[in-house]
There are 2 protein chains.
Amino acid sequence: MAELAYHRVYSQLTAQIKAGQYPDYRLPDERSLTDQFGVSRSTIKRALGILVSRGIVFQKQGAGTFVNPLYFKSKPLFNYTGDNIGITDSLVQDGQQQSIQVLHFHVQKAKDEIAQSLFLQPNDFVYRIERLRLVDGQPFMIEIGYLPIRLVPDLNEEVIQDSLYTYLEKEQHLQVTKSFLNISTEPSTASDQKLLQLKPNEPVGVMEGIFFTDSGTPIEFSRMRIHYKYMQYNSFVSLS
Amino acid sequence: MAELAYHRVYSQLTAQIKAGQYPDYRLPDERSLTDQFGVSRSTIKRALGILVSRGIVFQKQGAGTFVNPLYFKSKPLFNYTGDNIGITDSLVQDGQQQSIQVLHFHVQKAKDEIAQSLFLQPNDFVYRIERLRLVDGQPFMIEIGYLPIRLVPDLNEEVIQDSLYTYLEKEQHLQVTKSFLNISTEPSTASDQKLLQLKPNEPVGVMEGIFFTDSGTPIEFSRMRIHYKYMQYNSFVSLS
DNA sequence: TTCAACAAATGGTACGAACCAATATGCAAA
DNA sequence: TTTGCATATTGGTTCGTACCATTTGTTGAA
């Protein structure tokens with residue numbers, strides 16, 4: 001499958017920027033890029049639009065297109081370069097050893113909030129998966145996930161020892177590419193303190209998320225309680 | 001100034017969706033919308049692209065364009081509908097009474113992290129503004145902001161009693177439309193507990209942000225400590 | 001009745017043209 | 001030297017065309 005034109009331009013520009021090809025933080029104008037890449041200006045605009053939306057560059061009418069110098073200085077916690085959107089990828093640094101302890105695993109009827117979030121009928125069944133996640137042997141997150149049994153009929157205790165999304169992608173050919181997240185914080189409960197090795201005054205970060213496949217089907221509702229030292233979320237917001 | 005075509009389409013579609021005009025969660029196909037709105041398909045695609053990027057609808061090749069039913073159910077804490085990006089706008093609900101107490105206000109040399117974040121030379125001066133923000137009389141956030149003195153030469157104690165960004169927009173014609181945010185959580189300090197009326201085991205949410213004007217100039221570095229009950233952040237993430 | 005092949009519907013990609021709007025530049029006048 | 005204006009530069013908007021890719025519906029043969 002030939003790579004799409006706008007994606008090729010986007011990739012190459014990103015690579016050029018990372019390689020420091022624009023030390024003056026200024027990109028060539030769009031019409032020159034049209035010549036350089038041999039595509040239309042519309043395609044250039046599309047590629048630049050992605051760079052803008054990710055906060056890598058910004059544009060100013062009449063002036064030009066400029067690299068956001070902070071982007072590559074800040075830690076790349078929010079660099080979604082992979083295919084999937086698993087939370088751990090953004091919380092955990094490269095090279096650290098992740099592991100998973102399954103705390104509970106069973107099937108139940110979806111209760112109200114879960115059913116609503118996952119678009120289920122009141123009597124549909126879901127897996128309830130409670131796991132403790134560790135990095136380099138240190139527990140950092142309690143994760144309770146709910147998945148419709150209909151969408152993933154053959155889950156078992158062995159599968160959920162590893163990354164769920166890797167399994168979904170590899171075995172079920174489901175790509176998880178969208179999510180709603182709600183982030184908040186709470187004092188830790190006794191159970192949190194025990195599992196995450198927290199002192200009584202130390203809090204947890206709480207993330208609730210609904211995750212969707214490519215096609216817009218909600219596939220997981222997840223509630224995560226995160227050791228506060230590991231709770232980090234970066235985001236770039238741009239209006240207009 | 002006449003409204004732009006793609007924006008008109010976006011607004012009207014959003015309004016229609018909110019009004020429940022598509023009970024089957026399905027929008028007309030793009031070519032029909034072209035006729036309905038009297039604009040080209042490119043313009044329709046642009047408007048729909050915004051709806052997609054905000055998670056309001058999703059599209060599927062060969063099938064159609066569908067409303068995301070979860071979008072309007074979730075609490076709109078983070079719905080940037082105004083011109084500016086001030087934090088209070090997104091944390092505080094409509095109709096609640098906001099007020100501000102100025103705790104400290106002075107000018108100092110920018111220290112390392114601040115200087116780097118705001119793109120300053122080591123000897124440049126910044127305002128340091130420490131404020132306590134309340135909603136309906138209840139303190140909910142301690143905010144320490146740093147602004148380059150060069151960009152806003154005439155700040156004074158009176159101005160910072162009110163919203164800084166409103167002032168910047170009205171008086172300085174600076175629009176703040178972009179930000180990098182980093183969100184985390186910590187146990188509350190003694191000072192937090194006193195100012196925010198927290199119990200010792202209750203935590204604070206921590207938001208650090210760099211805010212940019214339209215033109216990409218960093219204008220504020222802000223460190224916010226938020227009462228945990230007010231700490232709520234919603235986000236929609238979509239890959240690809 | 002079932003299923004496979006075909007057709008229609010629908011979003012995706014790409015091109016190119018024309019013109020507008022904001023900013024930067026250079027030159028001439030003060 | 002400084003200021004102000006004309007011009008060039010550069011991104012923004014909109015239109016329209018052509019064709020591709022995926023999904024869904026239809027139809028006819030087995």
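Reminder, nothing fancy here: chain letters follow the sequence lines and each chain counts from 1. Since we're looking at a predicted model, the values are computed, not measured.
- A parallel orientation is assigned to the rings of A:Tyr127 and A:Phe105, their planes being inclined by less than 30° (bins at 30° and 60°).
- Protein chain B contacts DNA chain D over a range whose 5' and 3' limits, counting nucleotides with an atom under 4.0 angstrom from a non-hydrogen atom, are D:dT13 to D:dT23.
- Shown here are the side-chain hydrogen bond (donor to acceptor under 3.5 Å, both in side chains) partners of A:Ser53, two or more places apart in sequence or in another chain: there are none.
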Identify all pairs in which a protein N or O lies below 3.5 Å from an N or O of nucleotides 4-10 of chain C, and state each distance.
{"residue": "C:dT10", "atom": "O2", "partner": "B:Gly62", "partner atom": "N", "Å": "3.3"}

Evaluate side-chain hydrogen bond (donor to acceptor under 3.5 Å, both in side chains) for B:Tyr165 paired with B:Glu220, printing each intermediate quantity in order.
CA-CA 10 Å; B:Tyr165 290 179; B:Glu220 184 185 10; 2.4 Å; yes
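- Taking the ring-ring contact (aromatic ring centres under 6.0 Å, His included) definition, one finds that B:Tyr167 meets it with nothing, sequence neighbours left out.
- DNA chain C lies under 4.0 Å from at least one heavy atom of each of the following residues of residues 42-53 of chain B: B:Lys45.
- Per the geometry, OH belonging to A:Tyr10 stands 15 Å off P belonging to C:dT13, to the nearest Å.
- Between B:Gln59 atom CD and C:dT13 atom C1' the separation is 13 Å, expressed in whole Å.
- Among residues two or more places apart in sequence or in another chain, the ring-ring contact (aromatic ring centres under 6.0 Å, His included) test is passed with A:Phe37 by none.
- Listed by chain and number, the residues in a ring-ring contact (aromatic ring centres under 6.0 Å, His included) with A:Phe66 are A:Phe58 (sequence neighbours excluded).
- Protein atom CG of A:Leu4 is 19 Å distant from nucleotide atom P of C:dG11, rounded to whole Å.
- Sequence order on DNA chain C of the closest nucleotides to A:Arg41 and B:Pro28 puts B:Pro28 first from the 5' end.
- By the ring-ring contact (aromatic ring centres under 6.0 Å, His included) test, A:Phe212 pairs with no residue at all, sequence neighbours left out.
- In terms of the salt bridge (charged side-chain N to carboxylate O under 4.0 Å, His left out) criterion, B:Arg46 has no residue partners (sequence neighbours excluded).
- With sequence neighbours left out, the side-chain hydrogen bond (donor to acceptor under 3.5 Å, both in side chains) criterion links A:Gln21 to no other residue.
- Residues satisfying the side-chain hydrogen bond (donor to acceptor under 3.5 Å, both in side chains) criterion with B:Ser11, sequence neighbours excluded, are absent altogether.
- Listed by chain and residue number, B:Glu30 satisfy the salt bridge (charged side-chain N to carboxylate O under 4.0 Å, His left out) test with B:Arg41 (two or more places apart in sequence, or in another chain).
- Distances shorter than 4.0 Å separate none of the side-chain N or O atoms of A:Tyr6 from OP1 or OP2 on C:dA14.
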